[in-house]
There are 2 protein chains.
Amino acid sequence: MRNSSADQLILETLGKQKSHLTSHQIYEAVHLRLPALNPSTVYRALDRLVNQGKVTVSDMGLGAAVFELTGEKPHHHLVCQGCGHITLIADDQIAPLISNLEKNYHYKIKTNHLVLFGFCEKCQDTA
Amino acid sequence: MRNSSADQLILETLGKQKSHLTSHQIYEAVHLRLPALNPSTVYRALDRLVNQGKVTVSDMGLGAAVFELTGEKPHHHLVCQGCGHITLIADDQIAPLISNLEKNYHYKIKTNHLVLFGFCEKCQDTA
DNA sequence: CATTATAATGCAAATCTTTGCAATTGCGAT
DNA sequence: ATCGCAATTGCAAAGATTTGCATTATAATG
Ligand SMILES: [Zn+2]
Ligand SMILES: [Zn+2]
Ligand SMILES: [Zn+2]
Ligand SMILES: [Zn+2]
């Protein structure tokens, strides 16, 4: 692996926008700064970064996968299928489960961004 | 919603093959039994079935989402990023966490097929 | 049974993503 | 600095998925 300018641009983009971005949004953003950049290069770069663990990819129910920088601490989300609201779950809530599974199954788990779907308090009433 | 033959065909297909199938595999299978069926019809039917909760869709690291019938009991998996081996996790291991989250966040969680990535015992050594 | 409303389907176009291959670039080793 | 290798990139083609719109089929209603 060597120093790829596409990778660098994408990491900077994800660093500024603190949110979950789709590959299309990422392409739009880097395209502004480097119009010559080819879409396939962006897709391949994203693939690379995810494989290296520098970027996390998740399905958050938006119809397209979303990417974000892998933080120092894992974090997780609840996503409401009624109103689309996204709740942050601190890793404390999840870490014990992960530890247990690692012990029981002799696994080293890499997943660090769980997304669980369901209905928030409000949307349960209307359902 | 009404009785769709595409939905029916897909449910039967998923019922026979007890494994996780990609949308492409599903299309191939139903196409054999009903060659006139259009790809977009299959995609839309899958979308419908997932929304109705009859079918579960997950990313298991195969490069494409996989579908399976929603069973009576939830189940979950560990997927090794080294050798690709898939381990079944019984719901007992996960259910308590889900209950806790539901209580703490006042949520009704619908996710019933967690997939966690990592490295199995063998592949940790070679890593 | 005829009528109407609604859901599902086919088709084609538009989009999005992946892939093969040749050209280029960055990096380490002479 | 130059060479050689392997990773990255662009480009075009292939492939996969989504979408808009017209048509057809189903189910409920009168
Ligand atoms: Zn997140
Ligand atoms: Zn809600
Ligand atoms: Zn499964
Ligand atoms: Zn393994």
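All values derive from a computational prediction rather than experimental measurement. Throughout, a chain's letter reflects where its sequence line sits, starting with A, and its residues are numbered from 1. The basis for the numbers below is simple: all heavy atoms, side chains too, and nothing from hydrogens, waters or symmetry mates.
- Proximity of Y43(A) to the phosphate of dT18(C): no side-chain N or O atom is located under 4.0 Å from OP1 or OP2.
- When rounded to the nearest whole Å, the span between CG of L62(B) and C1' of dT18(C) equals 16 Å.
- Rounded to whole Å, the distance from CG on D7(A) to C1' on dC27(C) is 16 Å.
- In this model, no side-chain donor or acceptor of R44(B) finds a partner on the base of dT9(C) within 3.5 Å.
- Residues I94(B) and L97(A) are in side-chain contact: their nearest non-hydrogen atoms beyond the backbone lie under 4.5 Å apart.
- Proximity note for T41(B) (side chain, C-beta onward) versus dT17(D), dT8(D), dT9(C): the nearest is dT9(C).
- For N3(A), the side-chain atoms get nearest to dC27(C) when compared with the rest of dC27(C), dT9(C), dT9(D).
- No contact: A64(B) has no heavy atom under 4.0 Å from any strand.
- Along DNA chain C, the nucleotide nearest to N38(B) and the one nearest to R2(B) differ in position, and the one closer to the 5' end is contacted by R2(B).
- Contact check for F67(A) versus I26(A): side-chain heavy atoms found under the 4.5 Å cut-off.
- Aromatic ring pairs are classed by plane angle as parallel below 30°, tilted from 30° to 60° and perpendicular above 60°; the pair H31(A) and Y27(A) is tilted.
- The six-membered or imidazole ring of H85(B) lies away from that of H77(B), with a centre-to-centre distance of 6.0 Å or more.
- Note on S4(B): a side-chain N or O is less than 4.0 Å away from OP1 or OP2 of dT9(C).
- Comparing S40(A) and R48(B) along DNA chain C, the residue whose closest nucleotide (by nearest heavy atom) sits nearer the 5' end is R48(B).
- Across all strands shown, A36(A) has heavy atoms under 4.0 Å from sugar-phosphate atoms exclusively, and none from any base.
- Per the geometry, CG belonging to L37(B) stands 13 Å off C1' belonging to dC11(C), to the nearest Å.
- Residue A6(B) is in sugar-phosphate contact alone, with no base atom involved, counting any heavy-atom pair closer than 4.0 Å across all strands shown.
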